[in-house]
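First the structure, in the form of structure tokens, and then the observations on it.
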Amino acid sequence: MSVKRSEIQVTVDQLELGMRVTRLDRPWLETDFLLQGFIIDSQDDIDALVRQCKYVYVESQTVSKTPDMERRDAPAGLFARFSKRPAQRHSVSSNRPAAGLGKHRPTPDTRIAHINKISTERELGGARVTYGDAKQSVKSIMDGLRIGRAIDINQSRAAVNSIVDSVLRNKDALIWLTKIKSKDEYTAEHSLNVCVLSATFARYLGHDKSEIQQIALCGLLHDVGKSKIPDEVLNKEGRFSDEEFELMKQHTTFGRDLLMSVKNSDRIAIDVAHCHHERMDGSGYPRGLKSHQIPYYAKLVALADCYDAITSSRCYDGARASMDALDIIYKCKGIQFDEELALEFIKCIGVFPPGAIVELNSGHVGIVISNKDDNKLRPKILVVRDKDKQPIKERVIDLSAPDDRLNAFKISREIANGTYGVDLPSYLKKGLVLEHNTEGKE
């Protein structure tokens with residue numbers, strides 16, 4: 001009996017256990033496979049090929065009854081994943097997302113149920129210092145990149161760790177601070193806000209602390225490539241020309257390259273910087289990846305990125321309400337965003353997130369301080385205007401408290417910062433340390 005071997009091209013969604021992969025749709029050295037040619041002997045091998053390729057070549061065998069001395073090749077599998085070996089080089093293909101650690105949503109069995117350790121009011125003072133220090137770090141990183149300085153990955157991790165520690169103590173304090181935005185410092189604030197939002201979302205999903213730190217680092221560094229975009233394009237008011245838009249899109253590749261050049265950089269952060277504008281339907285950039293090819297962390301950070309961008313005042317667009325941003329995310333689920341994660345993100349943020357200025361059905365105006373995961377329509381609010389929109393002595397009310405006096409109060413709508421003279425930064429300076437005026441308890 002003789003065996004004649006040939007190659008056939010198959011798409012990655014046709015791969016099965018036992019197939020022998022002989023060639024890829026890209027050079028082997030641009031991938032994370034140790035051997036050039038291997039037998040698929042696990043689902044992990046299939047998943048890795050799906051992440052890195054669109055199609056591959058597999059061995060086809062035709063068996064004849066003619067005697068032959070040919071020996072059967074021994075299996076040469078063993079895909080070396082990052083979870084089982086240290087990084088050997090700092091190169092990541094421009095055509096695929098890298099394999100990585102912890103790239104899946106926690107299962108019901110592994111999900112960690114995080115709880116607030118202290119109140120928003122108590123955490124806010126420390127969170128304000130943490131946010132300010134982290135913001136200076138981000139500005140230092142971005143300014144340094146513009147003059148050719150390398151990213152200080154240790155400085156980035158230190159900023160992220162302080163952010164995550166605050167988020168784990170209380171999920172609302174830093175979210176409150178992301179509502180305080182400056183149009184002139186958009187790039188630095190946006191990167192920091194995406195870090196905070198990503199960490200908060202990861203906490204909500206039940207990731208452990210180390211994973212939350214890694215996700216937050218991805219959020220912090222996702223837009224570092226914008227440091228290589230000329231200011232006249234980055235800060236342009238009005239619509240980009242086609243040429244300017246193509247240049248702007250390159251920030252994902254610039255970000256990948258910058259992070260690849262950093263010693264001890266995080267390989268998943270490299271992927272997220274490169275992939276956070278990919279879309280589930282393949283219409284994103286820079287590579288037009290489809291859902292199964294996009295790293296999980298990139299899908300997660302993309303939601304935080306979009307939400308903060310929509311709710312921020314940018315050089316070419318005004319800030320929109322949180323409800324508008326969540327509505328856009330809902331309408332784009334399954335097309336631009338991972339559908340399951342989009343729905344979870346909406347639940348995580350809630351209709352009236354911390355820092356939202358709201359008008360009650362009574363006409364009173366207040367600022368949302370915090371809310372409960374199981375009752376986000378009835379948050380804790382700092383009331384700052386009476387029914388005639390006149391300033392009053394501030395007091396905190398908890399709409400979720402079992403208090404008959406509060407049952408009649410409902411939120412009618414979210415309003416923009418500055419409406420009726422309500423200015424978020426001025427209340428931030430007060431620290432919201434108003435627990436002694438609280439009506440109802442958490």
Side-chain angles (χ1 to χ4, degrees), residues 100-116 163-164 167-168 170-172 174-176 178-179 193-219 222 268 271-272 275-281 284 289-311 321-356 368 370-379 400 414:
L101 298 167
K103 296 185 69 175
H104 301 284
R105 180 180 170 185
T107 66
D109 291 335
T110 62
R111 183 179 186 274
I112 297 174
H114 297 282
I115 60 172
N116 284 347
I163 290 290
V164 171
V167 167
L168 290 177
N170 181 279
K171 66 182 176 60
D172 294 315
L174 278 172
I175 290 292
W176 206 100
T178 65
K179 298 295 182 181
N193 290 346
V194 172
C195 170
V196 172
L197 289 162
S198 298
T200 303
F201 189 28
R203 171 191 147 136
Y204 174 86
L205 292 173
H207 285 277
D208 64 31
K209 182 176 181 178
S210 64
E211 291 172 339
I212 296 173
Q213 288 173 331
Q214 190 171 50
I215 290 167
L217 182 67
C218 291
H222 81 289
I268 298 180
D271 265 354
V272 172
C275 299
H276 67 278
H277 283 293
E278 299 288 1
R279 295 185 170 196
M280 301 306 105
D281 63 357
L289 302 180
K290 293 204 173 175
S291 177
H292 66 278
Q293 298 172 304
I294 303 171
Y296 164 68
Y297 284 3
K299 295 177 181 179
L300 191 157
V301 170
L303 287 159
D305 178 34
C306 177
Y307 175 82
D308 186 70
I310 294 173
T311 56
S322 176
M323 186 65 133
D324 291 338
L326 296 179
D327 184 55
I328 290 170
I329 288 173
Y330 181 81
K331 290 176 179 176
C332 293
K333 68 182 190 304
I335 302 170
Q336 180 173 349
F337 305 111
D338 180 275
E339 182 166 357
E340 183 178 349
L341 283 177
L343 293 174
E344 291 297 338
F345 184 79
I346 292 169
K347 294 176 185 177
C348 171
I349 298 298
V351 178
F352 305 113
V368 176
S370 61
N371 51 40
K372 294 183 172 66
D373 288 338
D374 60 351
N375 197 354
K376 294 202 171 188
L377 291 177
R378 298 187 67 80
S400 68
E414 180 183 356

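The first residue in the sequence is number 1, and the count goes up from there.
If you check the side chains of D208 and S210, you find a donor sitting under 3.5 Å from an acceptor.
Proximity of N193 to Y307: side-chain heavy atoms (C-beta onward) are nowhere separated by under 4.5 Å. A 4.5 Å side-chain heavy-atom check between V351 and L326 finds every atom pair outside the cut-off. At a threshold of 4.5 Å between non-hydrogen side-chain atoms, the residues S198 and L300 count as touching. Put simply, the side chain of R105 reaches to within 4.5 Å of the side chain of E340, judged on heavy atoms. With contacts defined as side-chain heavy-atom distances shorter than 4.5 Å, the pair I163/L174 qualifies. In this structure, the side chains of D338 and Y296 stay at 4.5 Å or more apart for every pair of heavy atoms.
Between I268 atom CD1 and C275 atom SG the span is 11.5 Å, to the nearest 0.5 Å. In this structure, the separation between CZ on R378 and CZ on F352 is 11.5 Å, given to the nearest 0.5 Å. From D324, atom CG reaches atom CD1 of I310 across 8.5 Å, with rounding to the nearest 0.5 Å. Going from atom CG of L289 over to atom NE2 of H277 covers 13.5 Å, rounded to the nearest 0.5 Å. One finds the CG atom of L168 at 10.0 Å from the CG atom of N116 (value rounded to the nearest 0.5 Å). Atom-to-atom distance recorded for W176:CH2 and N170:CG is 13.0 Å, nearest 0.5 angstrom.
Scored by the side chain to side chain contact (heavy atoms under 4.5 Å, CB included) test, A202 finds H207, I212, I215 as partners (sequence neighbours excluded). Evaluation of the side chain to side chain contact (heavy atoms under 4.5 Å, CB included) rule for I335 yields D281 as partners, not counting sequence neighbours.
Judged purely by atom type and a 3.5 angstrom limit, K171 uses its side chain to pair as donor or acceptor with the backbone of N371. In this structure, the side chain of T311 engages the main chain of D308 through a donor-acceptor pair within 3.5 Å.
Heavy atoms from other residues, nucleotides or ligands lying under 6.0 Å from NZ of K290 number 12 at most.
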